[in-house]
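This structure is a prediction, so every number in the text was calculated from the model and none was measured. Only this structure's heavy atoms are used, side chains among them; waters, hydrogens and symmetry mates stay out. Letters go in sequence order (proteins before strands), and every chain restarts at 1.
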There are 2 protein chains.
Amino acid sequence: MPFHTQKLSNGLELIGETLPSARSTAVGFFVKTGSRDEFSAEAGVSHYLEHMMFKGTPRRTADEVNLHFDRIGSSYNAYTSEELTVYYAAVLPEYLPTAIDILADILRPSLRLEDFTIEKNVILEEIDRYEDAPGSMAWDHAKRIYYAGHPLGNTILGNKEGIAALTRDQMQAYFDRRYVAPNIVVAASGSFDWNQYVDLVAAACGSWPTTAAGRSDLREARGAGGVHAVQKTTSAQEHVLAICPGPPAESRMRYTAATLALAVGDDSGSRLHWALVDPGKVESASCGTDSSQASGITATFFSCDPDSTAENLGIAKSILSEVQKDGITAEELEQAKNKIASRVVRGNERPMGRMNSIAASWIYCDEYADVDQELARFDAVSLDDIRQCLDRYPMDDVTVVGYGPVETLA
Amino acid sequence: MPFHTQKLSNGLELIGETLPSARSTAVGFFVKTGSRDEFSAEAGVSHYLEHMMFKGTPRRTADEVNLHFDRIGSSYNAYTSEELTVYYAAVLPEYLPTAIDILADILRPSLRLEDFTIEKNVILEEIDRYEDAPGSMAWDHAKRIYYAGHPLGNTILGNKEGIAALTRDQMQAYFDRRYVAPNIVVAASGSFDWNQYVDLVAAACGSWPTTAAGRSDLREARGAGGVHAVQKTTSAQEHVLAICPGPPAESRMRYTAATLALAVGDDSGSRLHWALVDPGKVESASCGTDSSQASGITATFFSCDPDSTAENLGIAKSILSEVQKDGITAEELEQAKNKIASRVVRGNERPMGRMNSIAASWIYCDEYADVDQELARFDAVSLDDIRQCLDRYPMDDVTVVGYGPVETLA
């Protein structure tokens, strides 16, 4: 068994998958916190804090953080989502100790007021650029409207007023509350020695605080419903999202929902592709799932010339209704499964892909699944499963949100 | 030895690297043709033809080409460069026969006049979009000026007038001249049976014409020199390229040149980074090599506010002069090697990466190098090698081209 797990006495969890044939190693610190864990007065702090992690520690200046990552030739970065903030590096095996040393170090940041103030402008500029990207804004508005007050509707970047008002002490308080040992999973995959890895992480993180950090709002969210238009006259295209409920990240039904979404809206050879993209009615169209803890969604998206929004929305909704009524065909299921099998295999060919897979599986389901097990679960999806998934999470139970020049979609 | 090679009686070459631990297989048809092989009256035909390859064959309509690739869950695409046109797919091992069948089929396209006419508009739109991307245009102009009449200065997309005037018969003639068996290498890497692969390719491609197809102009190109400004007043930024000669793709000195370029201009921790990017003087800066058959270059790039172009060009040129005079330090060499080792390992972890590596090595150097051999060659680069490379290909022997609002850079 290549999988190992151990919990330190302070609650920090380690997982690892040793792949003897790998020539590199990926390691990531998965902090179970994100925009859904923010109070409204600290909106955007998770992402802002992720930036601050690279601004220096008692042991390293910001330049030294980059220099030390660089010296070992690592590929390193971080990202923030609704419920995870992840710091990771891929390195040659001999540099894993250094990578762990740097990652553990930056996760105890100095959070100096001067750096905080400088970085605030970087964040505000990032929000400006984001607001110029209508596809991203459409997604943010659609989530906000669909979730109607549920914290999963929070934006990751926050808003400019809130970021401008945020103080260093608020960030420190958020850090103290969320970056505690029991809220962190350290995952590694590739070529490494499990016992040495445990010793390294224990030495670097063993003294981190042991405060518990749960997640406050674990209601299953169901959509607000209705058809909404958020007008943005400067956008050339209308961006439309139709969101229906879907299985949460810890549900086995997510394999079925992902297969179904692919058959409906993959970027080639799907129903949406043939009905909207191939005849040139829309610029792009897709359908995909997004699973979070206790809640999931399936989102159908298209962007098109504003004048043809109503026609295209009609086509998209009739596809969703047909699927809801009749499911998909055996041939569509087969094709979707072939695509997924290929993507699962190729997405897991590198240690970085495996690191993300084993962390997600462990964080949401407390289990380890190797690539064969993942493949078997997708391969087992039947037309009956598709029917059950549709009954439980109706695809035509949509909340529709348009973002662009169109004043009203209804 | 996991590497195999065989030449069919018509001259088509097969290479393959069997990796028993891989779970997928990548296969690519490498046609040794590109913009450098075009007569001026057919400029852009290589890339246009690449598009036409997906528009149908006597056995498959365009929709069927996509559908059949899709059914097997393949990740497939094509690209055109100055001297290669490559068609490839990554699949699960059981679908390799189908992938070979489709790829071989599309490489004998119908080239129907109706499809040719429709696709012409797609190409013209692609040129329009390209002309809106100042970074890409800067690169095209810099190559054109540096190569001063040598075919490596040809643009890949061609120009709108030429594409508009191009006829189907001209494309057919180019196809007949260039897509002949001796000008094609089929490469596979991953999990597959070599003998079965040879049988499949031989059955599909054994009757392809055996005409010879060389490359006409194999002079080593040296730059035109001088400082040139191509004014584009609608660009917000000035894009500047300083190009010096470098080793060709078949030279072992390319390992040294790539290491040197990384030390000078990698996107983090390099001389250009510290001098230009870190203090915020430019938006981006980089240095990299581009090796072609018989000719190579090293290109130093930055983009910045037009008003500070002269200052930044002065800084960039003084870095190149310093490096030319004193080389780089042992520490810079060490850091560059660590980065390269990590990138070589990670870039070769998937069959698709290996397929590209073994094809390049075979096409340019008639040799096979496994990952360990590639790593050893980079690891062997010494400060003496850097000195020899600089003596042979002076970094300060630059042709400078600016693209943007600035009227004159000199």
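With a 4.5 Å cut-off on non-hydrogen atoms, Asn66(B) does not touch chain A at all. Proximity to chain A is limited to the side chain of Glu331(B), based on heavy atoms less than 4.5 angstrom apart. Proximity to chain A (any heavy atom under 4.5 Å) is shown, for Asp267(B), by neither the backbone nor the side chain. In this structure, chain A has a heavy atom under 4.5 Å from the side chain of Ser21(B), while its backbone stays farther away.
The side-chain heavy atoms of Gln335(B) and Leu67(A), taken from C-beta on, include a pair separated by under 4.5 Å. At least one side-chain heavy atom of Leu375(A) sits under 4.5 Å from a side-chain heavy atom of Arg23(B). Annotation: side chain of Glu349(A) is not in contact with side chain of Met352(B) (no heavy-atom distance under 4.5 Å).
In terms of heavy-atom proximity, Asp70(A) sits nearest to Ser268(B) at OD1-OG, 2.6 Å. In terms of heavy-atom proximity, Ile72(A) sits nearest to Asn338(B) at C-CB, 4.0 Å. Nearest heavy-atom pair across Arg350(B) and Gly347(A) is NH2-N, 4.3 Å.
Top candidate by heavy-atom pairs under 4.5 Å with chain B, chosen from Ile340(A), Val91(A), Asp278(A), Val371(A), is Val371(A).
Between the OH atom in Tyr95(B) and the OG atom in Ser342(A) there is a gap of 9.5 Å [rounded to 0.5 Å]. To the nearest 0.5 Å, the span separating OG on Ser24(B) from CG on Asn348(A) amounts to 11.0 Å.
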